[in-house]
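The structure is given below, and queries will be raised subsequently.
Computed over heavy atoms, backbone and side chain alike; hydrogens, waters and symmetry mates excluded.
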Amino acid sequence: MTVLEQPGAYRPSPPPAWRPRTDPAPLLPDAEPYRLLGTGAELDPELLGTLYRQLVKGRRYNRQATALTRQGRLAVYPSSTGQEACEVAAALVLEERDWLFPSYRDTLAAVARGMEPAEALGLLRGDWHTGYDPYEHRVAPLSTPLATHLPHAVGLAHAARLKGDDVVALAMVGDGGTSEGDFHEALNFAAVWRTPTVFLVQNNGFAISVPLARQTAAPSLAHKAVGYGMPGRLVDGNDAAAVHRVLSEAVERARAGGGPTLVEAVTYRIDAHTNADDATRYRGEDEVAAWLEHDPVALLEREMTERGLLDDAVRERAREEAEEMAARLRDRMNQDAVLAPADLFDHVYAEKTAQLREQAAQLRAELEAENAEPEAGDRDGQAKGDAR
C-alpha cells in the first residue's frame, strides 16, 4: 500500500506534485547532434560568408594570443582553437541590446561581438579587473570561477523582463561547469521564472583532464534541461551554420516569452587547457587528429566551395582582415601596461568596506615607504658603510 492509498491520506488537487508538470517529450534533445553543413539544407550565402570571415579571424586570434603567452605578454591563455564555431555563433545571434555572459575561455566570443582583442585579454594579462567596460558591448566580465556567472545571467534576464526591456542573456559554459552547483541553480531559477536566458554548453570533452564520462552518466548534457522543465538542444558544435541556427531559435524563443533553453554544442578543445597544461598526459594524438578532420573552419570552407561561394579573392580578403586584427593585438600587447596598485580596491563594492579601506591604507603606506628618499643622515651612514 502506498502512502496515497492509506485511509485518510492527504490527496492533493490535480496535478499531484509527484506527476510531471509538463510533458517531457517536447523538451528532449535529438538523438544525434543537429547538423546543416553537408546535408544539402538551404542556407543563406551572406550568413555563410559572415561566419567564414569570423572563423578565419577567430583562428588567427587564437594563434596570436597563444604566441603572446609564449612571449610572456600574457600570463595565461585558455585557447578556443577548434571551438571557434560556437564562439562566433554565440556573438552573432545576439542583438545589440542583448547580453553575453562569457567564461574565461570565451574571449573570442567577446571579440566577435565587437570588442577590441586587447581589451578582451586584459584580465588574462593581469592588467586590471576586467579590462573593458561591460556596458559598452553588453559583455559581462569574464568568469574564471566555473559557472558562477550563470545565476548572474538569469538575474539580469529576469530583471530586464520585469522592467519591460526586450533583452536576452546568453550564458556560455564548458562541460566542466555543468558539474558545479551554480549551473543547476541557474537552470532551476531560469525555468521557474521563465527568464529570457539561453545556456550554451561547449562540450569539448574534458574538464581540464577529466573526461565527460567521469562527470556525468546522463545520455547527454542537453538531457539535463528536461529535469528543470526547459528544452534541451544537441548540436554539432563544429558546424557553424547549425550552431547559429539552433542558438537563433533559442534566442527568438526566449525573446518571445517562451523561457530558457539549454544548448549542448559537441566540439573539441584542440589545444591544451591553458599554456600551463600538458594535454598529452590524458589524451592521445590519434584522438586530436580525428577531431582535426572535423575542424570548423575546414567544414565551412568545404561547404562554401561546393556551393561556389569561396574563391581565392574571398579567402584573401578574410586572411587580410585576420592579419590586420592580429597586428593591432600585437601592437597593443607589446606596450607595457601602466599599473595603478590602488585600483585593486576600486570597483569591488559600490562603497569600500572597512576591510578594503584598511588594506588600501596599508598598501599605500608600504608603497610610500618603498619610494621615499633616505634622509641626509641615512645617506651619509650608507656612504660610510659602502666605504668600509
Can you tell me if Arg113 uses its side chain to pair, donor with acceptor, with the backbone of His137 under 3.5 Å?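 Indeed, once roles are kept as given, a pair shorter than 3.5 Å links the two residues.
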With a sphere of 6.0 Å drawn around CD of Glu32, does it hold more than 12 non-hydrogen atoms of other residues, nucleotides or ligands?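 Open.
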pair Val198-Val93: side-chain heavy atoms closer than 4.5 Å: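 Counting from C-beta outward, Val198 and Val93 never come under 4.5 Å.
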Salt-bridge contact Glu96-Arg138 (side-chain N to carboxylate O under 4.0 Å):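 Salt bridge between Glu96 and Arg138, a charged N being under 4.0 Å from a carboxylate O: no.
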We want to know whether Ser103 and Asp106 form a side-chain donor-acceptor pair, criterion being a heavy-atom distance below 3.5 angstrom.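 The criterion, which ignores hydrogens and geometry beyond distance, is satisfied for Asp106 and Ser103.
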Go through Ser80 and Glu87 one step at a time and tell me if the side chain to side chain donor-acceptor pair (under 3.5 Å) criterion holds. CA-CA 8 Å; Ser80 59; Glu87 301 281 312; 4.6 Å; no
Answer whether the closest heavy-atom distance between the side chains of Tyr132 and Leu142 falls below 4.5 Å.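 A side-chain contact under 4.5 Å exists here.
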When rounded to the nearest 0.5 angstrom, what is the spacing between OG1 in Thr69 and CG in Leu124?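 Between Thr69 OG1 and Leu124 CG, I get 8.0 Å after rounding to 0.5 Å.
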Please check if Leu68 and Met115 belong to a single hydrophobic cluster, counting links between Ile, Leu, Val, Met, Phe, Trp and Tyr side chain heavy atoms closer than 4.5 Å.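 Not linked; separate clusters.
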Nearest atoms (heavy-atom pairs only) where Pro260 meets Pro231: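 Distance-wise, the nearest heavy atoms are O-CD, 3.3 Å.
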Sub-4.5 Å side-chain heavy-atom contact between Thr216 and Lys224: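 Yes, their side chains come closer than 4.5 Å.
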Quick check on Glu358: does its CD atom have over 12 non-hydrogen neighbours (other residues, nucleotides or ligands) under 6.0 Å away?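 No - once you tally the heavy atoms of other residues, nucleotides and ligands closer than 6.0 Å, there are 12 at most.
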CA sep, side-chain torsions, deciding dist, call: Tyr104, Val76, side-chain contact (heavy atoms from CB on, under 4.5 Å): CA-CA 10 Å; Tyr104 60 88; Val76 65; over 6 Å; no
With rounding to the nearest 0.5 Å, note down the distance linking CG in Asn334 to CG in Leu329.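 So the CG of Asn334 and the CG of Leu329 are separated by 9.0 Å.
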From CD (Glu351) to CZ (Arg357), nearest 0.5 Å: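 Glu351 CD to Arg357 CZ: 9.0 Å, rounded to 0.5 Å.
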Compare every heavy atom of Ala241 with every heavy atom of Leu37, then report the nearest pair and how far apart it is.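 Taking every non-hydrogen atom into account, CD2-CB, 4.0 Å.
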So, Asp30 side chain and Pro33 main chain: donor-acceptor pair closer than 3.5 Å or not?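 Judged by distance alone, no pair lies under 3.5 Å.
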Can you confirm whether Asp286 is buried at CG, in the sense that more than 12 heavy atoms of other residues, nucleotides or ligands lie under 6.0 Å from that atom?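 At most 12 heavy atoms, drawn from other residues, nucleotides or ligands, come within 6.0 Å of this atom.
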Got a salt bridge between Asp239 and Arg35, using NZ or NE/NH1/NH2 to carboxylate O under 4.0 Å?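 Salt bridge between Asp239 and Arg35, a charged N being under 4.0 Å from a carboxylate O: no.
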Please report the shortest heavy-atom distance between Ala322 and Val56, naming the atom on each side.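 Closest approach of Ala322 to Val56, heavy atoms only: CB-O, 4.0 Å.
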Can you tell me how far apart CE (Met172) and CD (Gln83) are? Round to the nearest 0.5 Å.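 CD of Gln83 is found 8.5 Å from CE of Met172.
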Looking at Glu285, I'd like to know if its CD atom is crowded, meaning that more than 12 non-hydrogen atoms belonging to other residues, nucleotides or ligands lie closer than 6.0 Å.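 Count not over threshold, so no.
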More than 12 heavy atoms of other groups within 6.0 Å of Phe189 CZ: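 Atom CZ in Phe189 is not packed in, count stays at 12 or less.
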Are Met230 and Thr261 close enough, and set up right, to give a side-chain contact (heavy atoms from CB on, under 4.5 Å), and what steps lead you there? CA-CA 6 Å; Met230 70 177 71; Thr261 302; 5.7 Å; no
Any non-hydrogen side-chain atom of Phe345 less than 4.5 Å from a side-chain atom of Arg364?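 Not in contact.
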hydrophobic_cluster_shared for Leu100 and Phe199, side chain cutoff 4.5 Å: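 No, no single cluster joins them.
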May I ask you to test the Phe206-His273 pair for a side-chain heavy-atom distance under 4.5 Å?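 Side chain of Phe206 against side chain of His273, heavy atoms only: no contact under 4.5 Å found.
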Report yes or no: do Leu156 and Leu94 belong to one cluster of Ile/Leu/Val/Met/Phe/Trp/Tyr joined by side chain heavy-atom distances under 4.5 Å?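 They do not share one cluster, since no chain of ILVMFWY contacts under 4.5 Å joins Leu156 to Leu94.
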Is there a side-chain contact between Tyr282 and Val210 (heavy atoms, below 4.5 Å)?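 No - every pair of side-chain heavy atoms lies 4.5 Å or more apart.
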Any residue meeting salt bridge (charged side-chain N to carboxylate O under 4.0 Å, His left out) with Glu84, in chain and number order, not counting sequence neighbours: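 By the salt bridge (charged side-chain N to carboxylate O under 4.0 Å, His left out) rule, Glu84 matches Arg59.
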Should Val235 and Leu200 be regarded as members of a common hydrophobic cluster, given that ILVMFWY residues are connected when their side-chain heavy atoms come within less than 4.5 Å of each other, either directly or indirectly?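 Shared cluster, yes.
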First locate atom OH of Tyr52, then atom CD of Glu303, and finally report the distance between them rounded to the nearest 0.5 Å.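 So the OH of Tyr52 and the CD of Glu303 are separated by 14.0 Å.
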Could you go through the side-chain contact (heavy atoms from CB on, under 4.5 Å) check for Glu301 and Arg315 one step at a time? CA-CA 9 Å; Glu301 284 184 339; Arg315 291 175 186 269; 3.5 Å; yes
Show me the pairs that pass ring pair (Phe, Tyr, Trp, His ring centres under 6.0 Å) and involve residues 140-179, at least two apart or across chains.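 Every pair satisfying ring pair (Phe, Tyr, Trp, His ring centres under 6.0 Å) with a residue in residues 140-179: His158-Trp193.
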Ignoring hydrogens, what is the shortest heavy-atom contact between Asp127 and Ala337? Give both atom names and the distance.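 Smallest interatomic distance, heavy atoms only, reads OD1-CB, 3.4 Å.
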Return the minimal non-hydrogen interatomic distance between Asp175 and Leu221, and the atom names on each side.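 Of all heavy-atom pairs spanning Asp175 and Leu221, the closest is CB-CD1, 3.8 Å.
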Which heavy atom of Thr197 sits nearest a heavy atom of Ala254, and at what distance?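 That closest heavy-atom pairing would be N-CB, 4.1 Å.
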Can you confirm whether more than 12 heavy atoms, excluding those of Arg214, are under 6.0 Å from its CZ atom?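 Not buried by this count: 12 neighbours or fewer within 6.0 Å.
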Value rounded to 0.5 Å, distance of OG1 in Thr274 from OH in Tyr77: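 If we round to the nearest 0.5 Å, Thr274:OG1 and Tyr77:OH are 11.5 Å apart.
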Carboxylate-amine/guanidinium contact Asp166 Arg97, below 4.0 Å: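 Looking at Arg97 together with Asp166, the answer is yes, because their closest N to O distance falls below 4.0 Å.
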Student check: side-chain heavy atoms of Gln71 and Met333 closer than 4.5 Å: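 Heavy-atom side-chain distance check fails, nothing below 4.5 Å.
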Give a yes or no answer on whether the side chain of Arg105 reaches the backbone of Ser79 with a donor-acceptor pair at less than 3.5 Å.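 Yes.
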Given 3.5 Å as the limit, does a donor-acceptor pair link the side chain of Arg253 with the main chain of Gly258, or not?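 Between the backbone of Gly258 and the side chain of Arg253 there is a qualifying donor-acceptor contact (under 3.5 Å).
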Step by step, would you call Asp312 with Arg317 a salt bridge (Lys or Arg N to Asp or Glu O under 4.0 Å)? CA-CA 9 Å; Asp312 290 341; Arg317 187 159 57 249; over 6 Å; no
How far apart are the C-alpha atoms of Asn238 and Asp295, what are their side-chain angles, what is the distance that settles it, and do they pass the side-chain contact (heavy atoms from CB on, under 4.5 Å) test? CA-CA 7 Å; Asn238 288 13; Asp295 179 80; 5.9 Å; no
May I ask whether Val263 and Tyr228 are part of the same hydrophobic cluster, defined by side-chain heavy atoms of I, L, V, M, F, W, Y residues being less than 4.5 angstrom apart, directly or through others?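 No: no chain of side-chain contacts under 4.5 Å links Val263 to Tyr228.
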4.5 Å side-chain heavy-atom contact, Trp99 and Val167: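 Yes, close enough: below the 4.5 Å cut-off.
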Salt bridge present between Asp336 and Arg73 (N-O < 4.0 angstrom):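 A salt bridge is present here (some side-chain N lies under 4.0 Å from a carboxylate O).
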